[in-house]
K.L.:
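What follows is a single structure, and I will ask about it in a moment.
As the structure lists them, so they are numbered: ligands from 1, and atoms in each ligand from 1. Throughout, numbering of the chain's residues begins at 1 and tracks the sequence.
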Amino acid sequence: MTLVAGVDSSTQSCKVVVREAETGKLVREGRAAHPDGTEVHPSHWWTALQSALSDAGGLDDVAALSVAGQQHGMVCLDEDGDVVREALLWNDTRSAAAAAALTDELGASSWASRIGLVPVASFTITKLRWLAQHEPANAKRTAAVCLPHDWLTWRLRGTGDLADLVTDRSDASGTGYFDSVAGEYVPDLVSLGLGRSDVVLPRVLGPSESVSGPVRLGAGAGDNAAAMLGVGGGVVVSLGTSGVVTATSDVRAADASGIVAGFADATGRYLPLACTLNAARVLDATARMLGVDLARLSALALSAKPGAEGVVLVPYFEGERTPNLPDATGALHGLTLTNATPANIARAAVEGMLCGLAVGLDALAAQGADVSGVRLVGGAAASPAVREIAPVVFGVPVTVPAPGEYVADGAARQAAWTLTGDSAPPEWTLAESTRHEADAVPEIRARYGEAAERYLSR
Ligand SMILES: Nc1ncnc2c1ncn2[C@@H]1O[C@H](COP(=O)(O)OP(=O)(O)O)[C@@H](O)[C@H]1O
Ligand SMILES: O=C(CO)[C@@H](O)[C@H](O)COP(=O)(O)O
């Protein structure tokens, strides 16, 4: 029996699965926490990876491993391979002004048609511009720029040679300086960000290519591309730290509004994606605010009527990316003496988080995706309230794959693919899903739209 491992180095934690290469059967798993914050030294990811790998029984009997991870984070290395400064993560909004300036310099339509993205603070290129402007000494010291999953793969390789940095097309496509149609970095965009282009960028491996390390190492992937590999297709809504809506496409999206990012997937196709900064942690914060745990929050939300008797929560707790409002804060609207109950507030939190994602679903449909049903994954998909309220807000049936680590699974499937040399990843049988259907209540989105519009019209 050949074993493969998949890693999800996500915002909040590191998860490892070990699966049978031929069938995908789960053999072992492990996890470890990451520190909080939007600025994190990569050494924490390395420590967490070691701990999660050991929790998962180690790699002695594993033939291949791939690392998937949170996208966009800026990891700068000096010529000795040392980390120049803490990584700025995808949800760090300090580069919002840089994003706006970069967008103005080329124009949104030009960005969308050249590389499929319009800069927002999440994308690596905006962080490079911020570094060049605010920390010129660090920018000058930077000899290589990579992403969280690239850095972990490189550390696993263990050579310390910058020339051994590798990445994959899905994660490279989220940098803002990679053209996923041509399959090449764009030096003038690297310069537009960092002020120069003479830095080492990771070599982009093919979807089933591998390099040597303690075990065979696959190219890895951005976490959303890996989740798509893990669930096997469809329209996927992921409710982790970020809220993400994705589909698979044969053409790169070019949305000048910036709502849909035209990323690449992990198989050679494309991954149109809309992402919010506010998902599972909105529920965490609401539970804290109400003094309850997540199970009680779910029960409270389900005890309230659809629409929460007019209470609307706009969930921009971390600012927002879709819509692009990096300085926004969250707000409760519509409170009265009669509707101000814990149950309505709990319900409004779930509805508000889902309404933010529904905007992304509409945008994906406008790009041609078939949104006749969605698959729900990520930590908050474990919430009964989220499962039941999602079809009410989205207006389409929702299937929830059995609880699991779908990003790590996708990475494991890629690792298995590196062993076969086939043109497609191995077919793995997916665990059973539950299906949730309900009548849509369009007033929920209408009221949410009115409340969110107050931010947009400011
Ligand atoms: N039953 C639950 N109800 C609501 N949220 C949950 C539940 N279980 C886990 N979560 C939330 O899921 C989040 C972690 O999800 P995960 O997909 O691992 O995030 P990330 O990939 O961004 O690190 C946490 O914020 C956690 O509180
Ligand atoms: O920025 C994006 C996608 O563009 C995020 O989806 C990050 O990739 C973080 O993922 P999670 O840790 O929330 O899963």
K.L.:
Counting heavy atoms only, name the option from G378, C14, S383 that's nearest to atom 3 (N) of ligand 1.
P.N.:
S383
K.L.:
For atom 11 (P) of ligand 2, find the nearest protein heavy atom and state the residue, atom name and distance (0.1 Å precision).
P.N.:
D223 OD2, 3.4 Å
K.L.:
Can you pull out the closest protein heavy atom to atom 18 (O) of ligand 1? Residue, atom name and distance to 0.1 Å, please.
P.N.:
K15 NZ, 2.7 Å
K.L.:
Please work out which of V377, T11, T241 has its closest non-hydrogen atom nearest to atom 19 (O) of ligand 1.
P.N.:
T241
K.L.:
Do me a favour and list the nearest non-hydrogen protein atom to atom 13 (C) of ligand 1 with residue, atom name and distance?
P.N.:
A280 CB, 3.6 Å
K.L.:
Using a 4.0 Å heavy-atom cut-off, say whether T11 meets ligand 2 through its side chain, its backbone, both or neither.
P.N.:
both
K.L.:
If hydrogens are left out, which of Q12, Q70, R321 has an atom nearest to atom 1 (O) of ligand 2, that is, the closest non-hydrogen atom?
P.N.:
R321
K.L.:
What is the nearest protein non-hydrogen atom to atom 14 (C) of ligand 1, stated with its residue, atom name and distance?
P.N.:
Q12 NE2, 4.0 Å
K.L.:
Short N/O distance, under 3.5 Å, between D284 and ligand 1?
P.N.:
yes
K.L.:
Please list, in number order, the atoms of ligand 2 under 4.0 Å from a heavy atom of Q71.
P.N.:
3 (C), 4 (O), 7 (C), 8 (O)
K.L.:
Run down the list S9, S242, S238 and name the one with the heavy atom closest to atom 13 (O) of ligand 2.
P.N.:
S242
K.L.:
Starting from atom 1 (N) of ligand 1, what is the nearest protein heavy atom, named by residue and atom, and what distance separates them?
P.N.:
A382 CB, 3.6 Å
K.L.:
For atom 23 (O) of ligand 1, what is the closest protein heavy atom, and at what distance to 0.1 Å?
P.N.:
S10 OG, 2.6 Å
K.L.:
Tell me whether R169 forms a cation-pi arrangement with Y270, defined as NZ or CZ under 6.0 Å from the six-membered ring centre and within 45 degrees of its axis.
P.N.:
yes
K.L.:
For atom 7 (C) of ligand 1, what is the closest protein heavy atom, and at what distance to 0.1 Å?
P.N.:
G379 O, 3.5 Å
